[in-house]
Engineer: 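Here it is, the structure, as structure tokens.
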Amino acid sequence: MAQDWAVAFYHSPAWLHNRKLYMDRVIDSPFGLIPPRMCERCYENGILKPAEVVHHKVHLTPQNIDDPHVSLSFDNFQRLCQDCHAFVHTGYEPPRYTFGPDGEVLKRD
């Protein structure tokens with residue numbers, strides 16, 4: 001969820017346009033060509049998983065949100081799935097769960 005000071009930015013035409021362009025592009029990485037809309041971090045780990053977030057590598061702050069070199073630059077973007085986005089912000093892998101044959105919740109490895 002966006003901070004109150006960032007809500008207008010994340011609804012702006014400039015952000016929505018750049019986000020879509022970034023999600024839809026092929027990315028040339030040291031690990032090969034990353035297909036559109038795929039998580040960059042997962043791809044680097046040999047996993048093909050859809051991205052859900054365009055993450056700012058240099059996090060937005062009230063001081064830099066109006067700087068297009070930070071807020072709108074592809075150089076500062078990274079496509080991530082929700083799990084990778086949580087990891088980038090917390091440093092912890094989120095726990096993963098599945099359901100057993102009787103409907104019980106089981107933690108996955």
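We count residues from 1, following the sequence as given.
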Engineer: Taking I65 as the starting point, is it possible to reach V7 by hopping between hydrophobic residues whose side chains are less than 4.5 Å apart?
Structural biologist: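 Per the 4.5 Å side-chain linkage, V7 and I65 are not co-clustered.
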Engineer: To the nearest 0.5 Å, tell me how far N76 CG sits from N18 CG.
Structural biologist: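 Nearest 0.5 Å value for the CG-CG distance: 11.5 Å.
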Engineer: With a 4.5 Å cut-off on side-chain heavy-atom distances among I, L, V, M, F, W and Y, is there a chain of contacts connecting L16 to V70?
Structural biologist: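 Shared cluster, yes.
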Engineer: Holding to salt bridge (Lys or Arg N to Asp or Glu O under 4.0 Å), I want the full list of residues that pass it with R19, two or more places apart in sequence or in another chain.
Structural biologist: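 With sequence neighbours excluded, R19 shows a salt bridge (Lys or Arg N to Asp or Glu O under 4.0 Å) to no residue whatsoever.
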Engineer: Work out which heavy atom in A51 is nearest to a heavy atom in M23; give both atom names and the distance.
Structural biologist: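 Here A51 and M23 meet closest at O-CE, 3.5 Å.
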Engineer: At their closest point, which heavy atom of R41 faces which heavy atom of N45, and how far apart are they?
Structural biologist: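 Scanning both residues, the minimum pair turns out to be O-ND2, 2.9 Å.
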Engineer: I'd like to check the side-chain hydrogen bond (donor to acceptor under 3.5 Å, both in side chains) partners of E40; sequence neighbours left out, ordered by chain and number.
Structural biologist: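 With neighbours one apart ignored, the set is Y22.
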Engineer: How is the hydrophobic cluster of V26 composed, in terms of its other members, when Ile, Leu, Val, Met, Phe, Trp and Tyr link through side-chain heavy atoms under 4.5 Å apart, directly or indirectly?
Structural biologist: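 Traced through the cluster, V26 reaches L33.
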Engineer: Sequence neighbours left out, what passes side-chain hydrogen bond (donor to acceptor under 3.5 Å, both in side chains) with K57? Give chain and number order.
Structural biologist: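 Per chain and number, K57 pairs via side-chain hydrogen bond (donor to acceptor under 3.5 Å, both in side chains) with no residue.
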Engineer: If the condition is side-chain contact (heavy atoms from CB on, under 4.5 Å), which residues does P35 pass it with, not counting sequence neighbours?
Structural biologist: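 Partners of P35 by the side-chain contact (heavy atoms from CB on, under 4.5 Å) criterion, ordered by chain and then number, come out as M38, Y43, L48.
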Engineer: Hey, what do you get for SG (C39) to CD (E52), rounding to the nearest 0.5 Å?
Structural biologist: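 Here the interatomic distance stands at 9.0 Å.
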Engineer: Treating E104 as the side-chain partner and D102 as the backbone partner, does any N or O pair qualify as donor plus acceptor under 3.5 Å?
Structural biologist: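 Checking the backbone N and O of D102 against the side chain of E104, a donor-acceptor pair under 3.5 Å is found.
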Engineer: How long is the span from the CG atom in N64 to the NE2 atom in H69, to the nearest 0.5 Å?
Structural biologist: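 Those atoms lie 12.0 Å apart.
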Engineer: Any chance you could measure R79, atom CZ, to I27, atom CD1, to the nearest 0.5 Å?
Structural biologist: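 That separation rounds to 3.5 Å.
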Engineer: Could you tell me which residues satisfy side-chain hydrogen bond (donor to acceptor under 3.5 Å, both in side chains) with S73, sequence neighbours excluded, listed by chain and number?
Structural biologist: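 In terms of side-chain hydrogen bond (donor to acceptor under 3.5 Å, both in side chains), with neighbours along the sequence ignored, S73 is linked to no residue.
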Engineer: Do V88 and F74 belong together in a cluster built from hydrophobic side chains that touch within less than 4.5 Å?
Structural biologist: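 No, V88 does not connect to F74 through the hydrophobic network.
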Engineer: Using side-chain contact (heavy atoms from CB on, under 4.5 Å) as the criterion, list what pairs up with D24, not counting sequence neighbours.
Structural biologist: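 Partners of D24 by the side-chain contact (heavy atoms from CB on, under 4.5 Å) criterion, ordered by chain and then number, come out as K20, R37.
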Engineer: Among residues at least two apart in sequence or on other chains, which ones pass side-chain contact (heavy atoms from CB on, under 4.5 Å) with H59?
Structural biologist: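 Per chain and number, H59 pairs via side-chain contact (heavy atoms from CB on, under 4.5 Å) with H55, H89.
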Engineer: Does D67 have any side-chain hydrogen bond (donor to acceptor under 3.5 Å, both in side chains) partners at least two apart in sequence or in another chain, and if so, which?
Structural biologist: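 Scan of D67 (side-chain hydrogen bond (donor to acceptor under 3.5 Å, both in side chains), adjacent residues dropped) gives none.
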Engineer: Holding to ring pair (Phe, Tyr, Trp, His ring centres under 6.0 Å), I want the full list of residues that pass it with Y10, two or more places apart in sequence or in another chain.
Structural biologist: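 In terms of ring pair (Phe, Tyr, Trp, His ring centres under 6.0 Å), with neighbours along the sequence ignored, Y10 is linked to W15.
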Engineer: Roughly how far, to the nearest 0.5 Å, is NZ of K49 from CD of Q82?
Structural biologist: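 If we round to the nearest 0.5 Å, Q82:CD and K49:NZ are 9.0 Å apart.
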Engineer: With sequence neighbours left out, what residues match Q3 under side-chain contact (heavy atoms from CB on, under 4.5 Å)?
Structural biologist: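 For Q3, the residues satisfying side-chain contact (heavy atoms from CB on, under 4.5 Å) (neighbours in sequence not counted) are W5.
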Engineer: What is the distance from atom CZ of F87 to atom CG of L80, rounded to the nearest 0.5 Å?
Structural biologist: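 Spacing of CZ (F87) from CG (L80) equals 11.0 Å.
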